[in-house]
Amino acid sequence: MIDVLIAGAGPNGLMLACELALAGVRPVVLERRPTPGGEPRANGLVGQVVRLLDRRGLYARLSGESSPPSPQPAFTFGAFPLDLTVLADNPHYVLGVPQAQLEAALVARAAELDVDLRRGHEVVDLHQRPDAVEVCLADGTQLTTRFLVGADGGRSTVRRLVGIDFPGVTDDRSVSRTATVTVPASFLDPATGGLRVPGYGVVPPFQHTRTPRGLVAWAPFPGRPALLTTTEWPDAPTSDDAPMELAELRASVARVLGADLPVGAPDGPGLLRRLTGRNTRIAARYRAGRVLLVGDAAHVHPAIGGPGLNLGLQDAVNLGWKLAGTVRGWAPPGLLDTYETERRPVAERVAMSAQAQSALIGPGDEITGLRQLFAELLRLPEVTGHIAGLMSGADVRYPADPADPADPLAGRSAPDVVVHGDHGPTRLAELTRTARPLLLDSTGTYAETAAGWRDRVDVVTGPLEGTTATALLVRPDCFVAWSAGDADTLRASLTRHFGPPSA
């Protein structure tokens, strides 16, 4: 019997597979496509997920840099520029790699961890038993697994087969057009990388330029073709059936900006895409018996602000250690259910943010008035900090430990501490690559308390730099479970998260 079967080899399914493998469970990943998909999707990673990739040793592979990630000095929210340099503690990170590159890195990592990835296998039916899930594939193959995870996207077959509703709203009013393009050199602003459009002015790069008639975004990615996107709200419905041409995008730019921008095709293969409407939906349940949902199978929302991979990959890391503990038998009762209780509020908050931004970029003079007020608010550093925490996911806090509800760090993402041990300073990101729970102890007094969990929890001693806490219990998903209380609260937190001590 397979321990865990994952349907979908996108970033979320692959990340979950790697997490399970690190925890001693060998999953099987099924992907209906016979080869990796080459279609352009996400253009980068935004938010705390960049720190998470660093803590799994993947940031250096993707960025080509040996140094840790640094916060981004600027970003956008609802077509407003955000100056993040005004923040004393900027939580916003960006890693500009396309989704195909991320998937390739995760495929390579999964291979290193001996993950069984099977392409050209599509789930078409399933049946749950009390102790397993029977899965039927399109070619007639029958597989039996202890747990099945649907990581198969917004149109999830697994979600439909298990009967989980997907409530939410569909907005059919907007039309977005995106293409990889070239523009004449005379239209490029060498100082900023933006566009100089006669009759309008400068369209800055990597931002949303909003007018009362629509939105334009210009993204001149280094080393690959630039992307040009428009969003409009036409009076009459637009069909997605007819193929889009560059002339259609050029006409859209002219309507939004009130000025013409000549566009040409890239030198190689390019993207031409028209999307009508937006979906915002969250699954009624993240779990039905032995079937769970992760990533877009559990939630979809407008892409503005780029939160999708930040949300989905952290879903996978939150689920991974809990599912592994359940499979291996050490998980305390109810641990697997905390996947939904912790991650659903995060999805709801991301959906709220995306809907708010969608409203702020809408057409009309009344939205322009709202934006004028919002621009005044964004001049306040505390408002910028609030928005940055929301967009990056740095404001996420899981429910406090009942054993010590006043613990100021419990439930929050672990700070980037440095442990000064016998072999010199070591970053937390270097200690978390095994995905094992960690007890960081600057006092050397807590190891005896944690001795009963040594098969599951690693203890690292030495002075801690980057936190005022004298000890931290860090979960495998790099959230704090407990920070320096007494031995009784540590013992209670160890039991709550990692089960009873070994005999």
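When reading the values below, keep in mind they use all heavy atoms of this one structure, side chains included, and skip hydrogens, waters and symmetry mates. This is a predicted model, so every value here is computed, not measured. Starting from 1, each residue takes its place in the sequence as its number.
- By the 4.0 Å N-to-carboxylate-O rule, R51 lies close enough to D416 to be salt-bridged with it.
- The salt bridge (charged side-chain N to carboxylate O under 4.0 Å, His left out) search around D116 returns R118, not counting sequence neighbours.
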When you look at T489 and W482, which way does the side-chain hydrogen bond (donor to acceptor under 3.5 Å, both in side chains) test go after all the steps?
-> CA-CA 8 Å; T489 58; W482 167 93; 3.0 Å; yes
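- Between V94 and L45, every side-chain heavy-atom pair lies at or beyond the 4.5 Å cut-off.
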Report the C-alpha separation of N310 and Q48 in whole Å, then their side-chain angles, then the decisive distance to 0.1 Å, and conclude whether the side-chain hydrogen bond (donor to acceptor under 3.5 Å, both in side chains) test is met.
-> CA-CA 7 Å; N310 190 27; Q48 294 291 293; over 6 Å; no
Derivation and outcome, side-chain hydrogen bond (donor to acceptor under 3.5 Å, both in side chains), residues T170 and R281 | CA-CA 8 Å; T170 298; R281 299 182 179 276; 2.8 Å; yes
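- Between the side chains of H299 and D315, at least one donor N or O lies within less than 3.5 Å of an accepting N or O.
- Looking only at side-chain heavy atoms (C-beta outward), D337 and K322 stay at 4.5 Å or farther from each other.
- Side-chain N or O atoms of Q128 include one that pairs as donor or acceptor with a backbone N or O of A288 at under 3.5 Å.
- A salt bridge does not link R371 to E376: none of the charged nitrogens lies less than 4.0 Å from a carboxylate oxygen.
- Nearest heavy-atom pair, P11 versus E103, reported as atom, atom and distance to 0.1 Å: CD-OE2, 3.3 Å.
- Side-chain atoms of L292 and L319, non-hydrogen and from C-beta on, do get closer than 4.5 Å to each other.
- Residues L313 and L102 meet the side-chain proximity criterion, which asks for heavy atoms closer than 4.5 Å.
- Using a 4.5 Å heavy-atom threshold, the side chains of V457 and L438 count as separate.
- Within the 3.5 Å criterion, the main-chain N or O of S502 finds no donor-acceptor partner in the side chain of W330.
- Although no hydrogens or angles enter the test, the distance criterion places no donor-acceptor pair under 3.5 Å between the side chain of E31 and the main chain of R119.
- Taking the six-membered ring wherever Trp is involved, the centroid distance between the rings of F75 and F206 does not fall below 6.0 Å.
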Derivation and outcome, side-chain hydrogen bond (donor to acceptor under 3.5 Å, both in side chains), residues Y398 and R343 | CA-CA 8 Å; Y398 299 144; R343 294 305 296 171; 2.9 Å; yes
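- A donor-acceptor pair under 3.5 Å links the side-chain atoms of D152 to the main chain of V158, judged by distance alone.
- We find the CZ-CG distance between F77 and L378 to be 8.0 Å, quoted to the nearest 0.5 Å.
- Although no hydrogens or angles enter the test, the distance criterion places a donor-acceptor pair under 3.5 Å between the side chain of T145 and the main chain of L5.
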List the steps and the verdict of side-chain contact (heavy atoms from CB on, under 4.5 Å) for V135 and T144.
-> CA-CA 6 Å; V135 178; T144 303; over 6 Å; no
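- A donor-acceptor distance shorter than 3.5 angstrom exists from the side chain of T432 to the backbone of R55, with no hydrogens or angles considered.
- E340 is linked by a side chain to side chain donor-acceptor pair (under 3.5 Å) to R344, counting only residues two or more places apart in sequence or in another chain.
- For the pair T157 and V123, the tightest heavy-atom approach, listed with the atom from each and the gap, is CG2-O, 3.5 Å.
- The pair E112-R61 meets the salt-bridge criterion, since a charged nitrogen lies less than 4.0 angstrom from a carboxylate oxygen.
- Put simply, the side chain of L84 does not reach to within 4.5 Å of the side chain of P73, judged on heavy atoms.
- Considering only residues two or more places apart in sequence or on other chains, P68 meets the side-chain contact (heavy atoms from CB on, under 4.5 Å) condition with D54, R427.
- For the pair R456 and F498, the cation-pi test (distance below 6.0 Å, angle within 45°) is failed.
- Within the 4.5 Å cutoff, side-chain heavy atoms of Q355 are placed close to those of V169.
- Judged by distance alone, the side chains of S442 and T470 never bring a donor and an acceptor atom under 3.5 Å apart.
- Taking 4.0 Å as the cut-off between side-chain N and carboxylate O, R26 and D114 count as a salt-bridged pair.
- With contacts defined as side-chain heavy-atom distances shorter than 4.5 Å, the pair P307/M391 does not qualify.
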Decide yes or no on side-chain contact (heavy atoms from CB on, under 4.5 Å) for V417 and L472, but give the supporting numbers first.
-> CA-CA 10 Å; V417 300; L472 294 171; 4.2 Å; yes
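- A cation-pi geometry, defined here as NZ or CZ lying under 6.0 Å from the six-membered ring centre and within 45° of its normal, holds between R159 and F166.
- The pair E19-R56 meets the salt-bridge criterion, since a charged nitrogen lies less than 4.0 angstrom from a carboxylate oxygen.
- Taking the six-membered ring for Trp, W321 and Y339 have ring centres at least 6.0 Å apart.
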